[in-house]
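Every chain is numbered from 1, with letters handed out A, B, ... down the list of sequences.
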Amino acid sequence: MYNDFPNRSDNCRRSPSATNVVPVPLLVQWLHSSCIFLLLAACAGALLLIAVPATAQEPVTDDDVNDVARDLYCPVCENTPLDACPTQACQDWRDEIRAQLSQGRSEHEIQQYFVDRYGVEVLAQPPFEGFNMLIWLLPILVVVLAAFLFWRYLGRLREGAPPTADEPKKDDTAMVAQGSAQQPPPAADEDDYVSRIEKEVRE
Amino acid sequence: MIANLGFAAILIAFAAVIYAAVASLYGAKRGDPRWVESARNAMASTLPLILLACMLIVYLLLTNDFSVEYVWRVTSTEMPAYLKVTALWGGQAGSLLFWNLLLAGFTTAAMLRKWDDQRALMPYAILVGSITQIFFLGLVAFVENPFTPSAVIPPEGQGLNPLLRHPGMIIHPPMLYLGFTGFTIPYTFAMAALIKGRLDDGWIRTTRRWTLVAWLFLSLGLILGGRWAYDVLGWGGYWAWDPVENASFMPWLAGTAFLHSVMIQEKRNMFKVWNIVLVVLTYLLVVYGTFIVRSGVISSVHSFAQSAVGPLFFGFLGIMIVFSVYWLLRRHDQLATANHLQSFLSREAAFLLNNFVFMGVLFATFWGTNYPIISELFTGEKLTVGPPFYNKVNGPLFAALLLLMGVAPLTMWYRSSARRIGMALRWPALAALLLSVALFALGVDSWGALFGFWIVTFSLILTILEFSKGVRARMKRGESPWAAFSNLIGRDRRRYGGYWIHLGVLVMAFGIIGSYFFQQETQIRLQSGESAALGDFEMFFNGVRQFPGPDDLLIKEADLSVFDNGRPVGRVTPRTEFYTRTGQPMTIPGVRSTVGEDFYVIMVNWESATADAATFRIFLNPLINWVWAGGFIFILGTLIAAWPDPVDKKVTAATRARRPAAQPA
């Protein structure tokens, strides 16, 4: 499965607080550090906004390119995301992403650039608008509707149930006949197979 | 000459199977067993004929007979012999012929083995079985003939698609095909039962083991396919919700639902219609899956073949839908049950819920796979439905299945008490919660992963408790722990094989959750002598070696020393393989594998010997080996459940003696 988590490199298994064992201070510490992180992120964001020309000089890493490429598909190599595709065409696309990133464009702008040129086909999933809302809505609708019908059907099946209709232990008659008839019948909720095993071992 | 002989064999087989259909129908109408027997013999004769055709094409492949088009399309003179043999399923026409061979094998074996048991169903079983075979043999005879002579005889062949030269890909298609063709057997007998109007669970008992075997191969095919993708496709994963992967996953989903719901019919004599619907659905999805793979209707990385077979498949699918639905509706009344659901908290309700969720996954997968076609039809807009869609929609449904897997075995048939189940769930739930809390304290901060690990641990504890309950009951009777364990499984292999399969799925789920939520990756350009780090790992780039491989291969292999927390742990050698004749590149990763994680390196680009620099993509795939270990456990469980036992005959004899009325005269 491709990983579609945009922040997967942040998903380290061991955070700096890993050595701390006591849960409560840890939670506090975690909140604390995440607050600081948020603050830092906000500052960084603000800086970015102010100093767009400055970021233009920063080198764009391959990881930055892949972060954008991961959710794009070129129309030729269908079903192979751009970050994993070895063809020359996809290499060119990645170069384009790199060029645009170094001009300070956002991931969204770059996606839009490719969509404008090649159609929504380049996106990993159709945008949630117009006819394409169906792709998300229909499964949900069908599951909900089916759940409703399923529930009603079960209810109907149950309503008709006479108190103990077919409950007598039909399937056990063979065993009962084989000599364990004197065994008191298990309580309705007794573990049927534990008792079956016991019967079996006795044979 | 040999090609003509092969084609003749296909034509005779085609004629024989048409005769089998006609004769079985006539024999059934006249009530004349001689015609039915003759139909059976005709049906059985297709197997040696198709086998002959397969052997002849293999002979042509081995002798580089490029006067046959298929031969030069999939082989070249330098290819090793074993690859030439496997080239039988390396292209469109050959795969279809191979499909026919397996189908004929299954059908013939089922007819001969079940001849005495199910004599009454036989005429119709032969009829239905031969309809499938007629279609696929017809395809091979008239549309995709592997013996078609070349227009121009080339001096050298194109060679097998490099992606198919990997061991995983050599075994993977036959496994899938075995699974696919195997599922025609339950369909054949279910339809025969419908047409004949013999609607007891005879067809289910007859095909139970066949269904399990088909399911075993399909599961094996799926797992091997994942492993192949991981080893060869070079993107660091094993499942991409590619249309062709989905094509083999969908019949698996329907088949799995059937394997569960069939138990309700056996135990409670309920949901007969639903079981037939599931069998029909599985069969249709098998045909549809073959259609997707073979027609290239939804083009994808796997669809090597694109040809005119699409419309034919579509037509056949339509006919089979109409045929199946017609008989289902006609027999609908006779399939009604007098039994009722006693409680929502019962085993039968749990199985139904299981079916409901499986159908949900199936629908979502079907919808996502086909949505590009639908969108193109209605809006003219081409689009991609990638993994994000499937992960979002199917993820929660999978979670529900895993939860159900743990809880459902605690329910009883008819009804069970909520209090008792609640008591049984309390401690495992708490223990699993403790683990999740511990993981959280260790720094796991993804709620999805924590929840996933909770479910898996919870169900794992419950499943292990199921085993231990049985073992303890036996041990109380004085059996040693090991004897108790093996007797427990041996006495009820279907049940405990099933739980064993559950164990496998849960172990796989651990791996899937781990590698899905915690995969790390980075891409970096290194000069010889430089190093890169990811997680606890560091790797030093020692340089690239270039050398010719077998066939027309040119191999560039990077040499990297790997350090785990500063401790040297060996080297990895990612490589690119370049097939000079076809110009096709392959990216083979270098992997350092441990129980905890895979350090997985791909060489994205090597500049040249002079620059001595290369770009690498490094993945850290946590817990990924649990996926393969779980797969192994899974297959083992299926073998436990499906392994033929000598007692089986005795049981059938006993049932026959007990219920003489159910047997054909």
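Between the side chain of B:R617 and the backbone N or O of A:D83 there is at least one donor-acceptor pair closer than 3.5 Å. No side-chain donor-acceptor contact under 3.5 Å links B:T384 to the backbone of A:A124. Judged by distance alone, with hydrogens and angles left aside, the side-chain atoms of B:W367 form a donor-acceptor pair with the main-chain N or O of A:I135 at under 3.5 Å.
Contacts between B:V393 and chain A at a heavy-atom distance below 4.5 Å involve the side chain alone, from C-beta outward. Heavy atoms closer than 4.5 Å to chain B are found nowhere in A:I140, neither backbone nor side chain. If you measure heavy-atom distances from B:Y390 to chain A, you find no contacts under 4.5 Å at all. Using a 4.5 Å cut-off between heavy atoms, B:F366 does not touch chain A at all. No part of B:T576 comes within reach of chain A, as not one of its non-hydrogen atoms sits under 4.5 angstrom from that chain. For a residue to count as touching a neighbouring chain, one of its non-hydrogen atoms must lie under 4.5 Å from one of that chain's; by this rule B:T379 touches chain A with the side chain only. When heavy atoms are compared at a cutoff of 4.5 Å, B:I602 does not approach chain A at all. Within the 4.5 angstrom heavy-atom criterion, atoms from both the backbone and the side chain of B:F389 approach chain A. Residue A:Y153 touches chain B through its side chain alone, counting heavy-atom pairs closer than 4.5 Å. Of the atoms belonging to B:L397, not a single heavy atom falls under 4.5 Å from chain A.
Atom CG of A:L134 and atom CZ of B:F378 lie 9.5 Å apart (nearest 0.5 Å). In this structure, the separation between CZ on A:F150 and CG on B:N355 is 8.0 Å, given to the nearest 0.5 Å. In this structure, CG on B:L233 lies 8.5 Å from OG1 on A:T80, to the nearest 0.5 angstrom. Note that the OG1 atom of A:T61 and the CD1 atom of B:I524 stand 9.0 Å from one another [nearest 0.5 Å].
Between B:F363 and A:P139 the shortest heavy-atom distance is CE2-CA, 3.8 Å. Closest heavy-atom contact between A:F131 and B:I374: CZ-CG2, 4.4 Å. When all heavy atoms of A:N132 and B:E381 are compared, the closest pair comes out as ND2-OE1, 3.4 Å.
Between A:L123 and B:L383 there is no side-chain heavy-atom pair separated by less than 4.5 Å. Counting heavy atoms from C-beta outward, A:R70 and B:E521 have side chains that approach closer than 4.5 Å.
A side-chain N or O of B:Q523 and one of A:N66 form a donor-acceptor pair less than 3.5 Å apart.
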Review point. Do A:Q125 and B:K392 pass the side-chain contact (heavy atoms from CB on, under 4.5 Å) test, and can you show the C-alpha distance, the side-chain angles, and the key distance before you say yes or no?
Key: CA-CA 11 Å; A:Q125 49 184 330; B:K392 269 177 221 153; 3.2 Å; yes
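Put simply, of B:T615, B:V357, B:T522, B:T587, the one with the most heavy-atom pairs under 4.5 Å next to chain A is B:T522.
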